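Here the structure comes first, spelled out in structure tokens, and everything after it is commentary.
In this text, all values refer to a predicted model and were calculated from it rather than measured experimentally.
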Amino acid sequence: MGQPSGNQDKRDVIIIDSSSDDEKMTMTETSQNEKAMDDTNINSFHCYYMATCGGNHLTLYQIKSSSDESNVTNTNNSSHGTCNNENADFLVRQVYRDADEDEIFYSCLFAGRCRHRGDQFEQIPSALHKKIHSTASNHHTNLNFQQDDDDDHCGPQLCCVGGKRGVIKIIDTVQQSLIVSLIGHTDELYDLKRCPTNECIIISASNDETIRLWNLKYPSQIAIFAGHQGHREAVLSIDWHPLGEYFVSSGMDGSIKLWSVQTEKIKNAVKDSFEPPKGSERDDTYFQTVYHQLPFWATSKLHTDYVDSVAFVGDLILSKSTTNVISLLKPILPQEIHASSASLSNINDKFIHLTDYPVPECGQWYIRFGLDKDCKLLAVGNCIGDLRVWEIGGAKKPLFLGNPICNSVVRM
């Protein structure tokens with residue numbers, strides 16, 4: 001029987017003053033939503049939302065993009081916690097603080113959808129200086145997150161965050177409330193990624209040596225990827241293939257692995273996870289979690305130390321190790337990548353090593369590289385505050401950006 005996957009969290013989440021000077025940003029996620037701020041001026045500017053996490057804080061920002069600066073009115077308001085910007089184009093909208101002072105958030109993302117509430121989600125409301133509570137109800141009709149043609153779950157994306165405690169917390173920014181916690185991991189959570197083809201599906205990577213597949217519409221732990229031929233130490237980084245049929249993982253064991261979510265067993269589990277629970281209450285018998293033990297491709301031949309960042313560039317893979325290098329490789333995939341674990345007798349480990357991007361002074365782990373939207377530019381920091389940017393497939397010499405004021409670790 002699957003482990004508990006969707007529990008109501010009864011601890012408070014507190015919105016605090018954005019002027020807190022203790023927040024150390026460790027992760028940034030930009031929402032895919034674009035919301036017009038004013039229906040009468042819809043072509044003038046749109047709003048984008050960004051989330052960052054660090055310590056036990058989650059902060060949401062609003063960023064205005066204007067096609068005609070003359071049409072942008074000055075909305076500077078100190079109660080919004082604005083930056084020192086004349087036109088207030090960058091606003092702190094909400095700040096959440098977990099009641100657990102020992103929690104440390106490492107990763108956050110936007111995924112799923114909250115329920116439609118008329119015009120309430122035209123913009124994320126500002127709610128600084130207010131205290132909010134998790135919804136401690138036994139009824140789960142408010143957990144229908146996916147935007148469907150026949151329901152009203154078409155609001156803004158939910159915000160998911162996790163870290164030291166291994167619990168994924170789901171926040172509805174319209175209700176300004178922690179609405180559910182996804183419980184399954186038994187150790188620290190290091191990475192979260194949203195499926196590119198279904199925004200209600202996410203994966204998580206943890207120090208417990210597992211990757212877990214979740215459904216946000218009816219919170220369910222769909223599958224656990226671990227065990228025989230799985231990671232032998234902490235899983236540090238994950239990323240989806242652009243088609244959403246498989247994902248890559250890497251970890252402290254120095255390996256890179258590819259896992260399919262299109263096996264018959266997992267496809268059936270995903271389908272079942274979108275069926276509403278019977279009755280109004282959920283218990284451990286609601287959903288049976290699938291266990292998948294074998295990746296269809298894996299290698300430990302490229303790196304000799306922790307692999308703390310991986311990402312797809314089309315069908316190619318970028319991977320970064322604590323040995324001061326980012327490598328670009330092309331995995332040689334088997335003919336059948338969606339076979340069941342039982343039928344995978346030998347795991348392919350062949351690849352073509354295309355190129356390396358040296359990153360001096362980058363020996364600490366959990367320093368992540370970043371890619372632009374079109375996967376044409378690669379950027380990474382290091383332990384002494386430098387930043388390097390490459391054009392993928394272009395010149396090997398990077399654009400070097402140094403900052404004499406910053407001499408500490410640039411993690412991502």
Side-chain angles (χ1 to χ4, degrees), residues 106 185-191 193 203-213 223-241 245-261 263 291-360 362-369 371 378 380 392 412:
Y106 299 139
H185 285 297
T186 59
D187 210 326
E188 294 184 337
L189 185 149
Y190 292 133
D191 207 1
K193 290 294 168 62
I203 50 175
S204 57
S206 171
N207 194 40
D208 64 9
E209 303 178 5
T210 71
I211 305 108
R212 304 191 183 221
L213 183 70
I224 299 174
F225 300 83
H228 183 55
Q229 298 297 331
H231 287 280
R232 295 305 184 189
E233 293 188 66
V235 187
L236 299 178
S237 183
I238 46 179
D239 192 37
W240 286 95
H241 184 272
E245 296 182 349
Y246 57 94
F247 62 87
V248 62
S249 64
S250 67
M252 285 187 172
D253 57 4
S255 68
I256 305 168
K257 301 179 185 291
L258 295 177
W259 306 82
S260 173
V261 295
T263 67
Y291 290 83
H292 191 76
Q293 299 188 49
L294 293 176
F296 64 82
W297 181 93
T299 186
S300 299
K301 297 178 180 179
L302 183 60
H303 299 292
T304 58
D305 208 337
Y306 298 173
V307 184
D308 55 1
S309 189
V310 288
F312 277 104
V313 180
D315 292 330
L316 307 180
I317 297 173
L318 277 168
S319 62
K320 176 193 162 293
S321 171
T322 53
T323 53
N324 299 318
V325 66
I326 299 173
S327 298
L328 181 66
L329 65 130
K330 178 181 179 180
I332 307 301
L333 303 183
Q335 290 184 342
E336 180 53 67
I337 66 175
H338 302 311
S340 64
S341 295
S343 62
L344 286 172
S345 55
N346 294 306
I347 299 175
N348 192 3
D349 64 354
K350 297 180 180 179
F351 63 91
I352 300 173
H353 187 181
L354 299 175
T355 190
D356 285 332
Y357 301 96
V359 189
C362 199
Q364 290 190 27
W365 72 281
Y366 211 74
I367 296 178
R368 306 283 182 102
F369 61 76
L371 298 169
L378 165 67
V380 68
I392 300 175
M412 56 187 71

Got a second to check how far [X]'s [atom1] is from [Y]'s [atom2], nearest 0.5 Å?
X      : Y      : atom1 : atom2 : answer
Ile352 : Lys330 : CD1   : NZ    : 5.5 Å
Ile203 : Asp239 : CD1   : CG    : 7.5 Å
Asn207 : Glu233 : CG    : CD    : 9.0 Å
Leu318 : Ser250 : CG    : OG    : 11.5 Å
Ser260 : Leu294 : OG    : CG    : 12.0 Å
Leu316 : Ile392 : CG    : CD1   : 9.0 Å

Could you check if a side-chain atom of [X] sits within less than 4.5 angstrom of a side-chain atom of [Y], using non-hydrogen atoms only?
X      : Y      : answer
Leu258 : Ile317 : yes
Lys350 : Thr299 : no
Ile256 : Val248 : yes
Leu354 : Leu329 : no

Answer yes or no: is there a donor N or O on one side and an acceptor on the other, between the side chain of [X] and the main chain of [Y], under 3.5 Å?
X      : Y      : result
Lys257 : Gln229 : yes
Lys320 : Ser309 : no
Ser321 : His303 : no
Gln293 : His228 : yes
Thr322 : Gln364 : no
Thr355 : Leu328 : no

Closest contact, heavy atoms only, [X] versus [Y]:
X      : Y      : value
Asp191 : Leu236 : CB-O, 3.9 Å
Asp356 : Ser327 : OD1-OG, 2.7 Å
Lys193 : Ile238 : NZ-O, 2.7 Å
Ile337 : Phe296 : O-CD2, 3.3 Å
Asp308 : Tyr366 : OD2-N, 2.8 Å
Val235 : Tyr190 : O-CD1, 3.5 Å

Quiz item: Going through the checks in order, is the side chain to side chain donor-acceptor pair (under 3.5 Å) test met by Ser249 and His231?
Solution: CA-CA 9 Å; Ser249 64; His231 287 280; 2.7 Å; yes
Quiz item: Residues in side chain to side chain contact (heavy atoms under 4.5 Å, CB included) with Asn324, at least two apart?
Solution: Cys362
Exercise. Mind telling me whether Phe225 and Trp259 have parallel, tilted or perpendicular rings, with 30° and 60° as the class edges?
Key: perpendicular
Quiz item: How about Phe369 and Tyr357: are their ring centres within less than 6.0 Å of each other?
Solution: no
Self-check item: Results of salt bridge (Lys or Arg N to Asp or Glu O under 4.0 Å) for Asp208 - residues two or more places apart only
Solution: Arg212
